[in-house]
Amino acid sequence: MAWFNRHKNKQKDSNEATVKSGIAFNSNAFGNNMSDSVLWVADPGIPVGGQDNPWLIFSTQPSVRKVVQFIARNTARIPLRVYRQVSPTDREPVYDGPIFDLINHPRQYQSPYRFFYDLICDLLIYDRFAATLVPSSENPSGYELYRLPAYTWRFTWSGYEDVNGILLNTNGGTNLKLDGVLWDKGYGGANGVSPMHTLQQVLQEYSESVKWRRAIWKNGARMTGVFSQDKDMPPLSDEAQKRLETDLANYMDGGGSEGKVPVGIGLSWIPVNTFSPKDTQEVEGRTLADIEVASAYAVPPEMVGARQATYATTQAFRDALYQETLGPLFVQLQQAFNAQIIPMLTDDPTVCVEFDLQAALRGSFIDQAVVTQQAAGGPYMSVNEARAENNLPPLGHEYDEIITPLNVTRGGGTQADVTDSGSQNIGGLNAKS
């Protein structure tokens with residue numbers, strides 16, 4: 001945090017380094033985090049151009065875009081919470097301070113959803129992400145998280161993939177140190193390995209099948225049959241041929257005789273078996289590509305519409321989505337934030353951030369009410385709390401207490417739960433013998 005206190009009052013309108021993508025970075029705002037030396041690393045990673053261009057694959061492959069945006073949307077919509085650890089078994093939420101303001105306002109005019117959506121897309125497409133923390137007098141927290149688009153920079157490293165900086169793609173190359181940078185990468189090198197490279201063979205095969213189907217659609221004969229003239233009839237003259245074609249055109253759309261049956265004397269109709277979308281297996285090819293890409297990102301294909309699913313299985317896949325699929329992603333992001341950004345904003349080691357997964361796993365209000373009431377053994381909300389859930393104003397302090405039914409043991413009754421009544425709970429005593 002002392003690093004930012006020394007540089008918070010730096011001027012923001014000098015020594016700008018313009019990145020090729022058009023984004024301007026302020027070297028004074030970064031302070032000593034910006035180095036004048038240029039370090040080109042030996043790790044080539046994934047080429048920016050050619051067949052392995054991750055951005056090109058993302059922008060041209062519907063299956064990749066569908067899965068990547070599915071993961072990014074469902075991750076970015078989960079709110080990030082701030083907590084303070086009071087004891088080993090208890091913690092309290094924090095609703096003020098620079099950390100709370102920062103996660104709710106990462107940048108001026110930018111929502112937390114947009115910030116994390118773009119950051120997650122960088123990770124899913126390029127297998128790396130980075131956002132630098134810079135002072136900002138316009139933001140409520142006094143700082144802002146400035147995302148560095150993954151296609152504008154590369155990690156520098158030393159030793160065995162020990163990342164030690166970021167090389168911005170400026171005209172001369174600008175090296176950025178990791179102090180105050182939220183970053184992480186995948187396995188396979190200092191810059192990770194893009195999933196686009198892993199999926200390249202499958203996607204190329206799908207692209208070739210699309211080209212083949214497009215060629216068939218473009219060059220194949222588009223007719224369902226032909227008219228054949230009896231061999232005993234004399235050949236039609238040019239005038240008769242044109243008259244026949246005009247008569248047949250009347251049975252097409254807009255001809256006036258569509259839906260009627262033409263009568264051709266001496267003519268017979270011979271069906272011709274030409275291609276169809278079913279014959280080219282267009283649907284099967286797209287489905288296979290969706291399944292392969294979804295499996296590569298550990299997403300159940302049913303969640304992106306690649307396979308049919310029942311309501312029950314969809315609910316099961318939904319629960320698994322925020323555990324096996326998105327769970328590791330939440331841990332990766334929040335641990336990076338706690339390790340790299342929190343120490344820059346506070347000296348309190350008990351403060352941390354965590355994604356509110358309950359917001360995602362929470363079912364309908366009716367299901368949640370039934371389960372919670374059974375677990376608590378009675379009402380678990382006061383009247384005012386219930387009204388607040390429905391955006392209604394409170395009635396008064398006398399409605400802040402939770403009602404205790406008289407038929408449960410806490411109210412002097414004999415039942416453990418308010419629902420422990422009726423013949424269904426006493427072995428069918430009133431049932432017919």
Side-chain angles (χ1 to χ4, degrees), residues 49-70 73 125 196 199-297 299-311 313-314 317:
Q51 296 293 331
D52 288 336
N53 186 346
W55 181 254
L56 178 63
I57 295 177
F58 170 78
S59 60
T60 58
Q61 295 292 332
S63 299
V64 172
R65 183 162 187 165
K66 179 191 302 184
V67 176
V68 168
Q69 290 186 332
F70 174 82
R73 285 196 305 266
I125 298 173
M196 305 299 104
L199 292 167
Q200 181 181 359
Q201 298 297 327
V202 174
L203 297 176
Q204 283 182 347
E205 181 180 351
Y206 173 67
S207 298
E208 292 300 324
S209 67
V210 171
K211 293 180 182 179
W212 175 75
R213 285 193 294 269
R214 186 182 298 119
I216 292 180
W217 281 102
K218 182 178 180 180
N219 302 318
R222 302 188 182 185
M223 57 184 181
T224 58
V226 296
F227 282 100
S228 176
Q229 186 180 8
D230 293 346
K231 62 180 181 179
D232 297 334
M233 292 185 60
L236 296 177
S237 62
D238 293 342
E239 182 181 355
Q241 179 73 26
K242 292 181 180 179
R243 188 168 58 251
L244 175 61
E245 292 177 356
T246 301
D247 292 340
L248 292 177
N250 293 333
Y251 293 91
M252 298 181 183
D253 185 24
S257 299
E258 54 268 29
K260 299 180 181 179
V261 179
V263 179
I265 300 176
L267 298 177
S268 59
W269 174 259
I270 301 177
V272 176
N273 294 325
T274 57
F275 69 94
S276 67
K278 181 179 180 180
D279 298 330
T280 57
Q281 295 184 330
E282 180 181 7
V283 176
E284 289 81 357
R286 293 186 179 184
T287 301
L288 179 60
D290 289 346
I291 293 175
E292 290 291 340
V293 174
S295 300
Y297 282 103
V299 174
E302 290 79 1
M303 298 299 295
V304 294
R307 284 199 298 243
Q308 292 184 352
T310 63
Y311 177 80
T313 56
T314 301
F317 286 132

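Atoms considered below: every heavy atom in the structure, side chains included; atoms not considered: hydrogens, waters and symmetry mates.
When all heavy atoms of Val293 and Val64 are compared, the closest pair comes out as CG1-CA, 3.9 Å. Contact detail for Ser63 and Arg286: the closest heavy-atom pair is OG-O, 4.3 Å. Closest non-hydrogen pair, Val304 versus Phe70, comes out as CG1-CG, 3.9 Å. For Phe317 against Met303, the heavy-atom pair with the smallest separation is CB-SD, 3.5 Å.
Rounding to the nearest 0.5 Å places CD of Gln241 at 10.0 Å from OG1 of Thr246. Distance check: Tyr297 OH to Leu199 CG gives 6.0 Å after rounding to the nearest 0.5 Å. With rounding to the nearest 0.5 Å, the separation of OG1 in Thr287 from CD in Gln308 is 10.0 Å. Here the OG atom belonging to Ser207 is positioned 10.0 Å from the CD atom belonging to Gln200, to the nearest 0.5 angstrom.
Using a 4.5 Å heavy-atom cutoff, the side chains of Tyr206 and Glu292 are not in contact.
Of the possible polar contacts, one joining the Ser59 side chain to the Leu56 backbone as a donor-acceptor pair under 3.5 Å is found.
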- Query: Passes side chain to side chain contact (heavy atoms under 4.5 Å, CB included), Trp55 versus Met196? Steps please.
  - Reply: CA-CA 9 Å; Trp55 181 254; Met196 305 299 104; over 6 Å; no
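Considering only residues two or more places apart in sequence or on other chains, Glu302 meets the salt bridge (charged side-chain N to carboxylate O under 4.0 Å, His left out) condition with Arg307.
Ion pair Glu208/Lys211 flagged as a salt bridge, since at least one NZ, NE, NH1 or NH2 atom sits closer than 4.0 Å to an Asp/Glu carboxylate oxygen.
Judged purely by distance below 3.5 Å, without hydrogens or angles, the side chains of Ser268 and Gln229 never pair a donor atom with an acceptor atom.
Atom CG of Asp230 has more than 12 neighbouring heavy atoms from other residues, nucleotides or ligands inside a 6.0 Å radius.
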